[in-house]
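What follows is a short report on a single structure.
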Amino acid sequence: MRLIIVSNRLPITIDRSNKSGFKRSIGGLVTGILSYINKIKSGVSEFEDYLWIGWAGKSIIESEQEAIKREYKENYKYVPIFLDEKVQKGFYEEYCNKVIWPLFHYFQDFADYKKSSWDCYKQANVIFYNTIKEQIKKDDFIWIHDYHLMLLPQMIRNDFPNVKISFFLHIPFPSYDIFRLLPLENQQAILNGLLGADVIGVHTIDYAQEFQKTISKVLNFKAVQNIINLGDRFSKIDIFPMGIDYKAIKEISISEACSQKKKITKERLKNYKIILSVDRLDYTKGIINRLEAYYNLLLEYPEWIEKVILKLVIAPSRREIDSYKKVKRAIDECVGKINGRFSSDNWIPVEYQYSQLNLVELCALYGISDVGLVTPLRDGMNLMAKEFIAANSPDQGVLILSETAGAVNELFDAISINPFSVDEITSAIHKALTMSKKEIQLRNERMHLRLSSYDVSSWANEIIQTTQEVNSSKVSLLKI
Ligand code: G6P
């Protein structure tokens, strides 16, 4: 059996400013699926082969497309999709990132709907479909990812009624009151599009419940035990909290390269407690509140002055979008405010890095940090929180985690905070910095157990197995 992965972005996209001509993609989706592909490559998965179809990340003139396709095929099993500039802008920048992304993260004031961008969204989904159609072979298993491609499952289903299709949403599914802000035609098309899949997977029970409520309000379909009877087939909504590659993170963390990095940074920062904050640049990540909380910590608990360092790492993202430019400026200002107010001859309170780190560099940072500060205002899952725990031994590292991040449902031994309350974050940092080794160990052991027993393979295997089963036992399901 072959696995066809379809996502908006390929794991590496074209970047002519880079020597190799490509750059690594960031975000939880790519990180998680790449880990699963490693399992396929090493033969510990039920798939013999795989193919990844996705956008090349840049519009390329037609005469150059063939060469790029060959490059992707020869070096990786990737099939690039090319979108012209107009479609790319309307689809990716405008509809995906200025309508769906803000709405699904409850930032309705940031949403900016245009009929033309919806048209581009439909058009881009058709372009993806046309490429998939050329690739599908009998017995392929199709796994579609995320909010960019919500119309795709039904497009495939119309022409391939028996192919197995799984859809996974990596971001939250919002409440009906938010979803209904989309024009009705969009609402219906998105939900009908998703229902083309055998399984629609989400990270948490809340997202699954909101989805079922929305389906019933908009399409008048009632799910019985998570299953929607569509007449000739079924579609199941199910919960699969995405895991990490726990073993790989552990291995990287003890590798020579990582240990070296840890040693150098630890030596340099040996006099300080380290608070770590790592994110893709995004207004949903709550970075400003986090910085304000750190500022307050230094004001309210002056004993931490010259005793603590906030290591702030932000990976550039969606730079062409105004709201992202704005949040970047706000972060720069806030860092300036803290460093301007508290720095001394031998101490800078915030060490700020605006760059994309690789996993070895990240694991080195996780491993030397006393506190992991993960305070998104809204987040589908947040794999950083999981990686932070995994990369440390159980007696090291206190995790502070938003109650509005999907990961909190599994990591309930973290210090959970309301990310909108700066005061709560401030107190949580102080609590984390003063927590006894015994308590850290007690909390972290339970989280290690969860992360090692339900990892990225368990996540993918469960999705695949559930998808295999849904329409194969029609007789018993029809009784529902
Ligand atoms: C989030 C989304 C992914 C997306 C990633 C990076 O994790 O869920 O689908 O790929 O952000 O965003 P970008 O817009 O650069 O692809």
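Because the structure is predicted, anything quoted here is derived from the model rather than measured. Counting convention: from 1, in listed order, for ligands and their atoms alike.
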Requested in this report: May I ask you to decide whether D322 forms a salt bridge with K326, counting only side-chain N to carboxylate O separations under 4.0 Å?
Outcome: no
Is there any protein N/O under 3.5 Å from an N/O of ligand 1, and what does the full list of such pairs look like?
| unit_1 | atom_1 | unit_2 | atom_2 | d |
| --- | --- | --- | --- | --- |
| ligand 1 | 8 (O) | D146 | OD2 | 2.6 |
| ligand 1 | 9 (O) | D146 | OD2 | 2.5 |
| ligand 1 | 11 (O) | R318 | NH2 | 3.2 |
| ligand 1 | 12 (O) | R318 | NH2 | 3.0 |
| ligand 1 | 14 (O) | Y92 | OH | 2.4 |
| ligand 1 | 14 (O) | R318 | NE | 2.8 |
| ligand 1 | 14 (O) | R318 | NH2 | 3.4 |
| ligand 1 | 15 (O) | R9 | NE | 3.2 |
| ligand 1 | 15 (O) | R9 | NH2 | 3.2 |
| ligand 1 | 15 (O) | Y92 | OH | 3.4 |
| ligand 1 | 16 (O) | R9 | NE | 2.7 |

Query raised in the report: Using the benzene-type ring in the case of Trp, are the ring centres of H148 and Y121 under 6.0 Å apart?
Result: no
Query raised in the report: Taking the six-membered ring for Trp, are the ring centroids of F173 and F179 within less than 6.0 Å of each other?
Result: yes
Requested in this report: Indicate, with yes or no, if the rings of W55 and F128 have centres closer together than 6.0 Å.
Outcome: no
Report task. Could you tell me whether Y147 and F104 have their ring centroids closer than 6.0 angstrom? Result -> no
Query raised in the report: So, for W52 and Y76, is the gap between ring centers shorter than 6.0 Å?
Result: no
